[in-house]
Amino acid sequence: MFEGLLAFLRNPGGYETPLPEADAGHAMGALLVRAAKADHAYLFEEIQLIDKVIAKRHGLDPVEAAKYRASCERLETEMPDTSEIAIIIKNAISENEREATLRALWAVVYADGIKHTEEDKLLHQIEEVLGIAPSRAKELQSAARNAQDGS
């Protein structure tokens with residue numbers, strides 16, 4: 001029995017949690033994670049903001065939001081094409097929700113206080129897939145930057 005427990009804890013079989021359903025909520029969380037990782041760093045400030053966005057969007061407490069984010073991280077890893085993730089969102093939510101998602105994505109990008117070209121490219125790709133006009137996307141980007149500067 002003790003050996004079985006040790007084997008389980010060591011994870012010799014490469015046990016992985018199942019991939020979460022690719023619904024709009026998990027897709028949005030996966031995009032938040034992808035935006036945070038776009039600069040090849042996944043910082044505490046970004047994770048904290050992702051958890052806050054997820055908690056607010058889904059009415060979750062902090063522990064539930066962290067668990068939800070973990071499943072979104074798994075989805076983000078397994079879905080290599082950003083456009084595919086964004087299409088899930090585009091087809092499932094309203095224009096207002098798509099705009100709110102884009103603003104949340106910019107907020108995550110700005111959470112570390114450093115702007116990177118990779119992040120900028122990724123979010124412009126996402127805004128195009130979501131069908132948000134460039135002028136409106138700039139307004140949402142500015143709103144997210146101003147909110148971050150004011151915090």
Set out, in order, the CA-CA distance, both residues' side-chain angles and the distance that settles salt bridge (Lys or Arg N to Asp or Glu O under 4.0 Å) for Glu118 and Lys121, then state yes or no. CA-CA 5 Å; Glu118 301 94 346; Lys121 282 179 168 176; over 6 Å; no
Residue pair Gln125 / Ser83, side-chain donor-acceptor N/O under 3.5 Å: yes
Show me the pairs that pass ring pair (Phe, Tyr, Trp, His ring centres under 6.0 Å) and involve residues 77-97, at least two apart or across chains. none
Closest contact, heavy atoms only, Arg98 versus Ile93: NH1-O, 3.1 Å
Atom pair OH/CZ of Tyr42 and Arg34 - distance to nearest 0.5 Å: 12.0 Å
Residues in ring pair (Phe, Tyr, Trp, His ring centres under 6.0 Å) contact with His124, at least two apart in sequence or another chain: Trp106
Got a list of side-chain donor-acceptor pairs under 3.5 Å for residues 47-55, not counting sequence neighbours?
residue, atom, partner, partner atom, Å
Asp51, OD1, Arg69, NE, 2.4
Asp51, OD2, Arg69, NE, 3.4
Asp51, OD2, Arg69, NH2, 3.3

Quick one: do Glu76 and Lys37 satisfy side-chain contact (heavy atoms from CB on, under 4.5 Å)? Show the steps, please. CA-CA 10 Å; Glu76 185 273 334; Lys37 291 180 174 180; 3.3 Å; yes
Quick check: closest heavy atoms across Ala144 and Arg103, and the distance to 0.1 Å? CB-O, 3.7 Å
To the nearest 0.5 Å, tell me how far Glu84 CD sits from Ile89 CD1. 13.0 Å
Could you walk me through whether Asp23 and Ile88 pass side-chain contact (heavy atoms from CB on, under 4.5 Å), step by step? CA-CA 7 Å; Asp23 58 16; Ile88 293 168; 5.8 Å; no
Could you tell me which non-hydrogen atom of Ala36 sits nearest to which non-hydrogen atom of Val108, and how far apart they are? CB-CG1, 3.6 Å
CD (Glu128) with more than 12 external heavy atoms under 6.0 Å: no
Sub-4.5 Å side-chain heavy-atom contact between Met28 and His58: yes
Gap between atom CD of Glu99 and atom OG1 of Thr101 - 0.5 Å precision: 10.0 Å
Within the structure provided, determine whether Asp120 and Gln141 are in side-chain contact (heavy-atom separation under 4.5 Å). yes
Just to verify, what does Glu46 make a side-chain hydrogen bond (donor to acceptor under 3.5 Å, both in side chains) with, not counting sequence neighbours? none
Considering all heavy atoms, the nearest Leu75-Ala30 contact: CD2-CB, 4.1 Å
Between atom CD1 of Ile126 and atom CD1 of Ile132, what is the distance when rounded to the nearest 0.5 Å? 10.0 Å
Could you tell me whether Lys67 and Glu64 make a salt bridge, using a distance below 4.0 angstrom between a side-chain N and a carboxylate O? no
Can you find a pair of side-chain heavy atoms, one from Lys90 and one from Glu95, that are under 4.5 Å apart? no
Transitive ILVMFWY side-chain link Leu43 to Val33, under 4.5 Å: no
Cluster companions of Ile87 among Ile, Leu, Val, Met, Phe, Trp, Tyr (side-chain spacing under 4.5 Å): Val129
What closest approach, in Å, do Gly25 and Cys72 show between heavy atoms, and which atom pair accounts for it? O-SG, 4.4 Å
Taking it one step at a time, do Tyr110 and Glu119 satisfy side chain to side chain donor-acceptor pair (under 3.5 Å)? CA-CA 9 Å; Tyr110 290 129; Glu119 296 168 332; over 6 Å; no
My understanding is that only residues two or more places apart in sequence, or in another chain, count here; which of them pass side-chain hydrogen bond (donor to acceptor under 3.5 Å, both in side chains) with Ser142? none
Only one of Asp112, Thr117, Leu122, Ile114 passes side-chain contact (heavy atoms from CB on, under 4.5 Å) with Asp39; say which it is. Asp112
Provide the closest heavy-atom pair for Ala35 versus Leu123 in the form atom of the first, atom of the second, distance. CB-CD1, 3.9 Å
